Participant: 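I am attaching a structure below and will ask some questions about it afterwards.
Naming: A, B, ... by sequence-line order, numbering from 1 per chain. What you see is a predicted model; the values in this text were computed from it and never measured.
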There are 2 protein chains.
Amino acid sequence: MITKTEFQIEKAAPIFKVLGDKTRLTMMKLMENQTCCVCEFVEIFQMSQPSISQHLRKLRDAGLIKEERKGQWVFYSLHQESEWHALIESILEQLPSQEDKLIELEKNGTRITCC
Amino acid sequence: MITKTEFQIEKAAPIFKVLGDKTRLTMMKLMENQTCCVCEFVEIFQMSQPSISQHLRKLRDAGLIKEERKGQWVFYSLHQESEWHALIESILEQLPSQEDKLIELEKNGTRITCC
DNA sequence: TAACCATATAACAATATACTTATATATTCA
DNA sequence: TGAATATATAAGTATATTGTTATATGGTTA
């Protein structure tokens, strides 16, 4: 017999797995306070666009973020209505701000066209 | 240049990765309130002893738990002095109790010799 | 409509993960 | 000391993960 608590911990583990990658964890921290565009992430992480898309997909499939299309751009932000949102917030607040990465973009003049 | 915040999030991601497995996450929740013996885990998870040992090693290598040998048995418990302990506690308290798994052992009469 | 941009998906390769079985090590006890 | 018990490690295998390049999709604009 599968008890309720077993079910819950089995649902929680994949949430941590998806957070267990430095790219995705940094993405989540960046989205803690703002909506981010795919092309921003591509700049920030210096990683191929498909790779960024695939990371975002995992976060979205886990229900942690939501997407919003605006013209040709897609913006991602935390999915506030997620059943995991309280847990996620309590985790993110214990991680250091990653806003310097956005500021870095400004400085380099590699700020993105879309935003 | 690697900034301090980059370093920290790069250190945090592997912590979530190690929690991102249902066996290890359940182990952590069980150890939240008590010290557990390897053989208990073997019974609870109905998994081979080497597999249990390997999971415990990952938790230990991440600095999340500590071991204490008592005779032929090895007991594991949360590593309270870990730099991650506050984060870990805040996570575990949001997960459902797994104590029913220990109670189940009692009922089945498969309670372990060591404890 | 055609060219162009942003994003997603597909297919693939390299590496990591989580089991398994076999074996080594450490401790107890007869 | 030798057998028994508990745990750890090694080696191998199947599967999962994360990146890549190539291509498809969707929206914009000339």
Participant: Atom CE of A/Met47 to atom P of D/dT18: distance rounded to whole Å?
Facilitator: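 Going from A/Met47 (CE) to D/dT18 (P), I get 10 Å.
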Participant: Checking contacts here: which listed nucleotide (C/dC19, C/dA8, D/dT18) is nearest the side-chain heavy atoms of A/His55?
Facilitator: D/dT18
Participant: Can you check whether A/Met27 reaches A/Ile52 side chain to side chain, under 4.5 Å on heavy atoms?
Facilitator: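 SC-SC contact between A/Met27 and A/Ile52 confirmed.
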Participant: Using a 4.0 Å heavy-atom cut-off, write out nucleotides 21-30 of chain C from 5' to 3' as B (base contacted by protein), S (sugar-phosphate only) or - (no contact).
Facilitator: BB---SSS--
Participant: Measure from CZ on A/Phe41 to P on C/dT7 and round the result to the nearest Å.
Facilitator: 11 Å
Participant: In whole angstrom, what separates A/Leu56's CG from D/dG19's C1'?
Facilitator: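 After rounding, the reported distance stands at 15 Å.
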Participant: Donor-acceptor pairs under 3.5 Å, side chain of residues 74-81 of chain B to any protein atom, not counting sequence neighbours: which ones?
Facilitator:
residue : atom : partner : partner atom : Å
B/Tyr76 : OH   : B/Glu67 : OE1          : 3.2
B/His79 : ND1  : B/Glu81 : OE1          : 3.3
B/Gln80 : OE1  : B/His85 : NE2          : 3.1

Participant: For a quick check of understanding: with a heavy-atom distance under 4.0 Å over all strands, which category does B/Tyr76 fall into, base, sugar-phosphate or nothing?
Facilitator: sugar-phosphate
Participant: Could you check how far CD1 of B/Ile52 sits from P of D/dT9, rounded to whole Å?
Facilitator: 15 Å
Participant: Rounded to the nearest angstrom, tell me the gap between atom CD1 in B/Ile65 and atom P in D/dA8.
Facilitator: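 Distance, rounded to whole Å: 9 Å.
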Participant: Tell me whether the side-chain N/O atoms of A/Arg57 come closer than 4.0 Å to OP1 or OP2 in C/dA8.
Facilitator: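 No, A/Arg57 has no side-chain N/O under 4.0 Å of OP1/OP2 on C/dA8.
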Participant: For the pair made of CH2 in A/Trp73 and C1' in C/dC4, what is the distance, rounded to whole Å?
Facilitator: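 After rounding, the reported distance stands at 12 Å.
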Participant: With sequence neighbours left out, what residues match A/Glu99 under side-chain contact (heavy atoms from CB on, under 4.5 Å)?
Facilitator: A/Asn33, A/Gln34, A/Ser97
Participant: When the distance from CZ of A/Phe45 to C1' of D/dG19 is rounded to whole Å, what number comes out?
Facilitator: 15 Å
Participant: Listed in order of residue number, which residues of residues 15-36 of chain A have a non-hydrogen atom at under 4.0 Å from DNA chain C?
Facilitator: none
Participant: Looking only at side chains, do B/Thr35 and B/Glu68 share a donor and an acceptor under 3.5 Å apart?
Facilitator: no
Participant: Counting N and O atoms only, with roles assigned by atom type, does the side chain of A/Gln72 sit under 3.5 Å from a partner on the main chain of A/Lys70, one being a donor and the other an acceptor?
Facilitator: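 Flag not set: sc A/Gln72 to bb A/Lys70 has no pair under 3.5 Å.
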Participant: Figure out the NZ/C1' separation between A/Lys58 and D/dG19, and round it to whole Å.
Facilitator: 10 Å
Participant: Between A/Glu32 and A/Lys29, what is the shortest heavy-atom contact and its length?
Facilitator: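 Smallest interatomic distance, heavy atoms only, reads OE1-NZ, 2.9 Å.
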Participant: Please list, chain by chain and in numerical order, all residues satisfying side-chain contact (heavy atoms from CB on, under 4.5 Å) with B/Gln49, sequence neighbours excluded.
Facilitator: B/Val42, B/Ser53
Participant: If only atom types and distance count, is the side chain of B/Glu43 paired as donor or acceptor with the main-chain N or O of B/Cys39 below 3.5 Å?
Facilitator: no
Participant: For residues 14-22 of chain A, run the donor-acceptor check on the side chains, cut-off 3.5 Å, and write out each pair with its distance to 0.1 Å, sequence neighbours left out.
Facilitator:
residue : atom : partner : partner atom : Å
A/Asp21 : OD1  : A/Thr23 : N            : 2.9
A/Asp21 : OD1  : A/Arg24 : N            : 3.1

